[in-house]
Number of protein chains: 2
Amino acid sequence: MLEKTTRMNYLYDFYYSLLTPKQQSYMSLYYLDDYSLGEIAEEYDVSRQAVYDNIKRTEAMLEEYEEKLLLFQKFQERSRLIRHVKELLKEEHPSKQEMLEMVTELEKLD
Amino acid sequence: MLEKTTRMNYLYDFYYSLLTPKQQSYMSLYYLDDYSLGEIAEEYDVSRQAVYDNIKRTEAMLEEYEEKLLLFQKFQERSRLIRHVKELLKEEHPSKQEMLEMVTELEKLD
């Protein structure tokens, strides 16, 4: 569940601008501010089931956007490459060849 | 017009997966394969006006996606930084400090 929460937080971060204002509110209360379904239902004066359905649909939409655009996946790959370059740059005499390879891989991700 | 064509080619490249199959077909014939509106209309047995309207709507959608997700803008900024790092790596003794700055900027773009 923690893993799913982390993933949803990331997907929300990448794709929230494609959601409706209501979807944004429910998702950010549920995933970012850790409200319960009941608390969101009370806040918006709707049923707990309505909140649940909306959030489930939004989660599916976020996964669909990720399947199409891969922003989270590319972000992870880029982060790994950037970490690697930063590690190299800490060395006394970093290998230029190795850095060039990392940077070329970064380029290909776009 | 050339500038608009280039921009649309890029936006299409970033966001085509969010379009319907018909939008994808019209756009790729018009922008990638350089078909005229009349030729597309004939190919799909619809009016030239229908093709024109569909393409105009799709262009507006692509601009809307770009406004929300900035994938093309970020791509351009990343390309500039990557080019810069590659230039540095051609030097005999590239500045590690300068490379670290470029890489940190790259990181912030995500």
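Residue numbering restarts at 1 for every chain, and letters A, B, ... go by the order of the sequence lines. Computed from a prediction, not measured in an experiment: that's the story for all the values here.
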Is it true that, when you exclude B:D33 itself, more than 12 heavy atoms of the residues, nucleotides or ligands shown sit nearer than 6.0 Å to its CG? yes

Does anything in residues 94-110 of chain B get under 4.5 Å of chain A by heavy atoms, and if so which residues? B:P94, B:K96, B:M99, B:L100, B:V103, B:T104, B:L106, B:E107, B:D110

What residues of residues 70-90 of chain B sit under 4.5 Å from chain A when only non-hydrogen atoms are counted? B:L71, B:F75, B:R78, B:I82, B:V85, B:K86, B:L89

Apply the test side chain to side chain contact (heavy atoms under 4.5 Å, CB included) to residues A:Y65 and B:L18: give CA-CA distance (whole Å), side-chain angles for both, the deciding distance (0.1 Å), then the verdict. CA-CA 8 Å; A:Y65 283 132; B:L18 301 176; 3.7 Å; yes

If you count every heavy atom of other residues, nucleotides or ligands that lies below 6.0 Å from B:E91 atom CD, does the total exceed 12? yes

